[in-house]
A.B. asks: 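I am attaching a structure below and will ask some questions about it afterwards.
Computed from heavy atoms alone, side chains included, the values below leave out hydrogens, waters and symmetry copies. Quick note on labels: first sequence line is chain A, next is B, and so on, each numbered from 1.
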Amino acid sequence: MVVPIALIDCNNFYVSCERVFDLRLRGVPVIVLSNNDGCAVARSEEAKALGIKMGDPAFKIRDKIRAHSIRVMSSNYTLYGDMSRRVVAVLHDFSPRLENYSIDETFVDLSGFGDRMVKQAADMRAEVRERTGIPTCVGIGPTKTLAKLANFAAKKNPLFAGVCDLTEQKVADYVLARVPVGEVWGVGSATEGKLVSQGIEWASQLRDMPLPLARKLGTVVLERLVAELRGIPCLDLEEVAPQRKGMAVTRSAGEPMMTFDTLAQAVTAHATRAAEKLRSHGLVAGTITAFFHTNQHKPDRPQHSASRSAIMKPMSADTFDLVGAAMRCIRSGWKGDPSGNGHGYTKAGIILDDLIRAEDAPRLLFEPDRPRSASLMKALDAVNDRFGKKTMVLATEGFKGSWGLKADHRSPRYTTRIADLPVVLI
DNA sequence: TCTGGGGTCCTAGGACCC
DNA sequence: TCTGGGGTCCTAGGACCC
């Protein structure tokens with residue numbers, strides 16, 4: 001018994017979020033830049049038509065931006081996260097069984113709608129558009145991989161009017177014969193190269209290739225993918241997000257970090273943020289890794305990178321514990337004298353692993369519990385929640401240092417900050 | 001001279017995703 | 001001058017165990 005699955009995917013999501021609140025961005029080319037205003041991570045259809053590619057570095061497309069008056073926005077993840085939550089809330093009204101796959105994609109179980117599936121999908125689109133202002137496309141298929149492929153077709157081919165149903169065999173044959181293998185979900189550039197060298201260039205050829213060959217070329221992952229293309233489900237709908245295994249806070253610096261103190265400030269900030277994230281999920285970490293490195297896009301310059309890990313004993317989500325461990329890590333990885341060694345570090349970060357729920361954390365036999373740690377963190381979080389992020393920080397973080405992010409074109413937090421509410425003039 | 005068989009666990013690295 | 005951030009899964013190979 002096949003369960004039809006729909007994938008509803010927001011069109012050019014970050015750009016669409018910006019356009020909901022700023023009418024001047026509609027109908028003109030718009031791009032949204034990554035953190036630090038580094039590269040293009042979202043493009044409006046107009047910007048795509050001008051040849052702006054996903055991941056293009058901002059400085060390389062500067063001339064194009066000027067020549068075509070492309071509107072440039074810094075990323076505003078607070079806004080996008082909140083808009084995503086609103087989209088999912090609408091979808092919940094249509095089906096109780098859904099998987100929140102990414103910030104702009106949701107899988108929805110469509111079983112029970114019979115031949116009204118396409119109508120149902122069209123209604124979902126309309127309702128999301130009406131209640132959030134976000135345009136979407138829907139792909140339907142017997143497996144997640146086919147639903148993704150259907151979504152790709154719905155976006156590319158206007159004939160589908162935003163909804164493509166691949167549970168129809170004839171439609172599936174038509175679409176798969178026209179989609180390049182590299183566009184299939186799970187086929188990246190490495191696998192694409194191997195497949196093409198075997199003469200497999202289209203999704204239909206991938207579907208029809210022998211399973212043993214698929215396993216040989218791309219392990220069990222590719223074998224499952226081929227099965228999914230044949231309509232045999234190998235990937236379940238994950239209604240409950242599995243317990244996460246790791247968590248990271250990493251950032252590029254606004255300008256190269258030349259001294260140990262600057263690096264220490266940045267790493268303190270990242271570890272502080274990581275500890276906040278841990279606590280907000282009710283988790284503790286067993287391992288912490290701190291790393292930093294020079295600009296890897298400039299191989300001709302002197303390069304240095306360091307990464308050190310430490311075991312957290314006891315496992316912890318305490319800011320002081322994690323910052324302390326992170327400082328020991330970077331001190332051990334630092335090369336040269338503390339005042340600076342000629343290297344400009346452009347990126348640093350914290351990675352936490354071995355995460356478990358705080359209440360499941362093992363107690364140490366001979367280590368006294370610290371009853372004040374939890375209440376201190378609770379107070380710290382309460383202050384920063386009430387008065388804004390970074391109201392209270394560790395002194396080692398310093399005031400906003402030169403490592404800070406660049407974000408020269410950020411829109412207001414329209415939906416999550418009272419001071420940023422849009423104003424309507426009548 | 002001749003030196004087993006069958007496991008588990010951990011890690012690094014690769015590949016992929018949005 | 002200027003190139004993001006945060007995840008997951010799989011495999012091979014080494015260390016180790018009895």
A.B. asks: Contact class for A:Ala190 (heavy atom, under 4.0 Å): base, sugar-phosphate, or nothing?
C.D. replies: sugar-phosphate

A.B. asks: Under 4.0 Å, counting only non-hydrogen atoms across every strand here, what does A:Gly55 touch: a base, just sugar-phosphate, or nothing?
C.D. replies: nothing

A.B. asks: Stem ranges for DNA chain C, with three or more consecutive Watson-Crick or G-U pairs under 3.5 Å?
C.D. replies: B:5-18 with C:5-18

A.B. asks: Between C:dT3, B:dC18, C:dG5, which one does the side chain of A:Lys298 approach most closely?
C.D. replies: C:dT3

A.B. asks: Is the distance from the ring center of A:Trp185 to that of A:Tyr101 below 6.0 Å?
C.D. replies: yes

A.B. asks: How many whole angstroms separate atom CG of A:Asn295 from atom C1' of C:dT1?
C.D. replies: 11 Å

A.B. asks: Using a heavy-atom cut-off of 4.0 Å across all strands, would you classify A:Arg273 as base, sugar-phosphate, or nothing?
C.D. replies: nothing

A.B. asks: Any chance the side chains of A:Ser316 and A:Asp318 put a donor and an acceptor closer than 3.5 Å?
C.D. replies: no

A.B. asks: Checking all strands, does A:Ser75 fall into the base, sugar-phosphate, or nothing category for heavy-atom contacts under 4.0 angstrom?
C.D. replies: nothing

A.B. asks: Which of residues 216-234 of chain A sit near DNA chain C, with a heavy atom under 4.0 Å from it?
C.D. replies: A:Thr219, A:Val220, A:Val221, A:Arg224

A.B. asks: Please give, in whole Å, the distance from C:dC2 P to A:Asp63 CG?
C.D. replies: 17 Å

A.B. asks: Would you mind reading off the distance between A:Lys148 atom NZ and B:dC16 atom P, rounded to a whole angstrom?
C.D. replies: 15 Å

A.B. asks: May I ask you to decide whether A:Asp321 forms a salt bridge with A:Lys313, counting only side-chain N to carboxylate O separations under 4.0 Å?
C.D. replies: no

A.B. asks: Can you figure out which of B:dC18, B:dC16, C:dT1 approaches the side chain of A:Asp104 most closely?
C.D. replies: B:dC18

A.B. asks: Relative to each other, are the rings of A:Tyr77 and A:Tyr14 parallel, tilted or perpendicular (30° and 60° limits)?
C.D. replies: perpendicular

A.B. asks: A:Leu7 has an atom CG; how far is it from atom C1' of B:dC18, in whole Å?
C.D. replies: 12 Å

A.B. asks: How long is the line joining CG of A:Leu33 and C1' of C:dG4, in whole Å?
C.D. replies: 10 Å

A.B. asks: Between C:dT1, C:dG7, C:dG5, which nucleotide has the shortest distance from any of its atoms to the side chain of A:Ala248?
C.D. replies: C:dG7

A.B. asks: Please tell me which of A:Lys245 and A:Arg251 maps to the more 5' nucleotide of DNA chain C, matching each residue to the nucleotide holding its nearest heavy atom.
C.D. replies: A:Arg251

A.B. asks: Does the ring of A:Phe107 carry A:Lys144 above it, NZ/CZ under 6.0 angstrom from centre and within 45° of its axis?
C.D. replies: yes

A.B. asks: In this structure, how many angstroms lie between the P atom of C:dG4 and the CZ atom of A:Phe291, rounded?
C.D. replies: 12 Å

A.B. asks: I'd like to know if A:Lys389 and A:Glu276 make a salt bridge, using a cut-off of under 4.0 Å between side-chain N and carboxylate O.
C.D. replies: no

A.B. asks: Under 4.0 Å, counting only non-hydrogen atoms across every strand here, what does A:Gln296 touch: a base, just sugar-phosphate, or nothing?
C.D. replies: nothing

A.B. asks: Do A:Asp82 and A:Arg85 sit within salt-bridge range, that is, some charged N less than 4.0 Å from a carboxylate O?
C.D. replies: yes

A.B. asks: Does A:Lys406 come within less than 4.0 Å of A:Glu255, counting only side-chain N to carboxylate O?
C.D. replies: no

A.B. asks: In this structure, how many angstroms lie between the C1' atom of C:dG5 and the NZ atom of A:Lys277, rounded?
C.D. replies: 9 Å

A.B. asks: Using a strict 4.0 Å threshold on nitrogen-to-oxygen distance, state whether A:Arg131 and A:Asp93 make a salt bridge.
C.D. replies: yes

A.B. asks: Phosphate oxygens OP1/OP2 of C:dT3: is one of them under 4.0 Å from a side-chain N or O of A:Ser252?
C.D. replies: no

A.B. asks: Closest approach to the side chain of A:Arg62, judged atom by atom: which nucleotide of B:dC16, B:dC18, C:dC2 is it?
C.D. replies: C:dC2

A.B. asks: Kindly confirm or rule out a cation-pi arrangement of A:Arg178 over A:Tyr174, judged by NZ or CZ under 6.0 Å from the six-membered ring centre and within 45° of its axis?
C.D. replies: yes

A.B. asks: Measuring only the P atom in each nucleotide, how far is C:dC18 from B:dT3? A whole number of Å is fine.
C.D. replies: 24 Å

A.B. asks: Does A:Ser34 or A:Arg244 map to a spot on DNA chain C nearer the 5' end, using the closest nucleotide for each?
C.D. replies: A:Ser34

A.B. asks: Checking all strands, does A:Val32 fall into the base, sugar-phosphate, or nothing category for heavy-atom contacts under 4.0 angstrom?
C.D. replies: nothing

A.B. asks: Please determine, for the side chain of A:His297, which listed nucleotide (C:dC2, B:dC16, C:dG4) has the closest atom?
C.D. replies: C:dG4

A.B. asks: What is the distance, rounded to the nearest whole Å, between atom OH of A:Tyr101 and atom C1' of C:dC9?
C.D. replies: 12 Å

A.B. asks: Salt bridge between A:Lys60 and A:Asp56, side-chain N to carboxylate O under 4.0 Å?
C.D. replies: no

